[in-house]
Each structure stands twice: as structure tokens, then as C-alpha cells.
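Values below: every heavy atom of this structure, side chains too, minus hydrogens, waters and symmetry copies.
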Amino acid sequence: MAGTVLCGVNDSAGARNAARVAGAISKQLELRLVLVHVADAFMLADGSAGNDESVTTIQARSGGKRLLDQFTAEQGLRGVEQRIEVGDPAERLAQVAAEERAALIIVGAREQRRLRPTLRSDLSQEIARVTPCPVFVVPPAPNDRARRDPLFLALG
């Protein structure tokens with residue numbers, strides 16, 4: 001099977017779970033895995049993104065690189081590709097998915113503190129509006145079994 005799994009990550013527990021699941025899915029299905037971190041863009045007074053590589057943008061890219069390296073090491077994701085983008089997360093993830101011809105986009109859900117937990121992710125809804133690619137939302141890890149068996153987390 002040929003294709004790419006795209007996993008959007010930030011510095012959250014949900015993103016760590018998403019990277020873990022994306023690694024397991026890409027390995028199981030023999031798909032290429034691309035981890036993507038989208039850093040905030042430097043915004044101009046008129047609300048548009050600055051096109052130059054400002055010091056702030058350079059620092060954001062550097063922090064994104066450290067984060068992706070950390071996720072890759074933590075999850076043992078050998079051979080994973082990394083991309084650091086700047087801008088709106090949903091728009092950039094959709095653009096990268098198109099460029100990489102992704103079969104699937106995986107993102108993590110943030111932990112909900114409600115009586116009835118949901119698997120909502122505002123980011124996944126935004127991505128779904130701007131791309132035809134399926135979006136898979138990984139829930140927060142509920143127990144130790146999910147930490148040991150990432151496909152249980154995704155499918156259990």
C-alpha cells in the first residue's frame with residue numbers, strides 16, 4: 001500500500017497520543033509518516049501574516065524542530081519525516097496534506113473536563129472544512145493499556 005499519514009503535533013498530551021497512534025498506523029499499514037508542527041505566524045497590524053523570517057518566526061521554527069525531534073525520539077519513530085510550517089494550523093495542515101498526498105490526517109484531542117467526555121477537536125473540524133482528506137482524532141490516553149498498545153487507543 002502506498003500513501004502518507006500526516007500527523008499534526010503541538011506540545012500537548014493529545015499530540016503525543018496522536019504521534020504514538022500515527023506511528024503505529026503507519027507501521028501497520030506500511031505508510032510513510034510525516035509529523036508536522038505549525039508555529040504561530042508573526043502577524044502584522046493589518047491582521048495579515050508577515051512574509052519575512054522575523055526573529056520571532058525563526059525562534060518558533062527552532063522550537064518546532066526541537067519538539068518534532070523530541071516526539072520522534074520519545075515514540076521511537078525511525079524514518080519519520082518532519083515538517084515545520086508557519087501560519088494557521090488548519091490551513092497549513094490541509095496544504096501539507098495536499099502537497100504530501102496524504103491518505104489520512106491525524107490530530108490529538110485535548111482533554112475534556114466534562115461529565116460526558118467527547119472526542120471533539122476544534123482543529124479537526126477546521127481541517128475538515130478545508131481539505132477532502134479524512135481527519136482522525138485521537139482521544140486522550142484513558143489508561144495504561146493505551147500507553148502500551150497505541151492501536152488499542154485508536155480502535156479500542
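- Taking both residues in full, the closest heavy atoms of Ala128 and Val135 are given as N-CG2, 4.3 Å, listed atom of the first, atom of the second, then distance.
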Requested in this report: Applying side chain to side chain contact (heavy atoms under 4.5 Å, CB included), run through Gln70 and Arg16 and close with a yes or a no.
Outcome: CA-CA 10 Å; Gln70 179 185 3; Arg16 280 182 169 70; 3.1 Å; yes
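- Counting all heavy atoms, side chain and backbone alike, Val5 lies closest to Ala22 at CG1-CB, 4.2 Å.
- No salt bridge links Arg83 with Glu81; every basic N to acidic carboxylate O contact stays at or beyond 4.0 Å.
- A donor and an acceptor atom, one from each side chain of Asp69 and Gln82, are located under 3.5 Å apart.
- For the pair Ser12 and Phe71, the tightest heavy-atom approach, listed with the atom from each and the gap, is O-CZ, 4.4 Å.
- Salt bridge status for Glu100 with Arg32: present, with a side-chain N to carboxylate O gap under 4.0 Å.
- Between the side chains of Glu99 and Gln95, at least one donor N or O lies within less than 3.5 Å of an accepting N or O.
- A donor-acceptor pair under 3.5 Å is absent between the side-chain atoms of Thr131 and the main chain of Ile127, judged by distance alone.
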Query - Test side chain to side chain contact (heavy atoms under 4.5 Å, CB included) applied to Glu85 and His37, step by step - result: CA-CA 6 Å; Glu85 300 291 323; His37 173 73; over 6 Å; no
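- One distance of note links CD of Gln75 with SG of Cys7; it measures 9.0 Å at 0.5 Å rounding.
- Shortest non-hydrogen contact noted between Leu104 and Phe136 is CD1-CB, 3.8 Å.
- Looking at Asp88 and Arg92, no side-chain N of the basic residue comes within less than 4.0 Å of a carboxylate O on the acidic one, giving no salt bridge.
- Using modelled atom types, one finds a donor on one side chain and an acceptor on the other under 3.5 Å when comparing Arg66 with Ser62.
- Taking each heavy atom of Pro134 and Ala103 in turn, the nearest pair found is CD-O, 3.4 Å.
- A distance of 13.5 Å separates CZ in Arg78 from CG in Leu33, rounded to the nearest 0.5 Å.
- Leu6 approaches Ala102 most closely through the heavy-atom pair CB-CB, 4.1 Å.
- Under the 4.5 Å side-chain contact rule for hydrophobic residues, Ile84 and Leu35 share a cluster.
- Considering only heavy atoms from C-beta on, Val9 stays 4.5 Å or farther from Val36 through its side chain.
- Counting heavy atoms from C-beta on, the side chains of Ile106 and Ile25 come closer than 4.5 Å.
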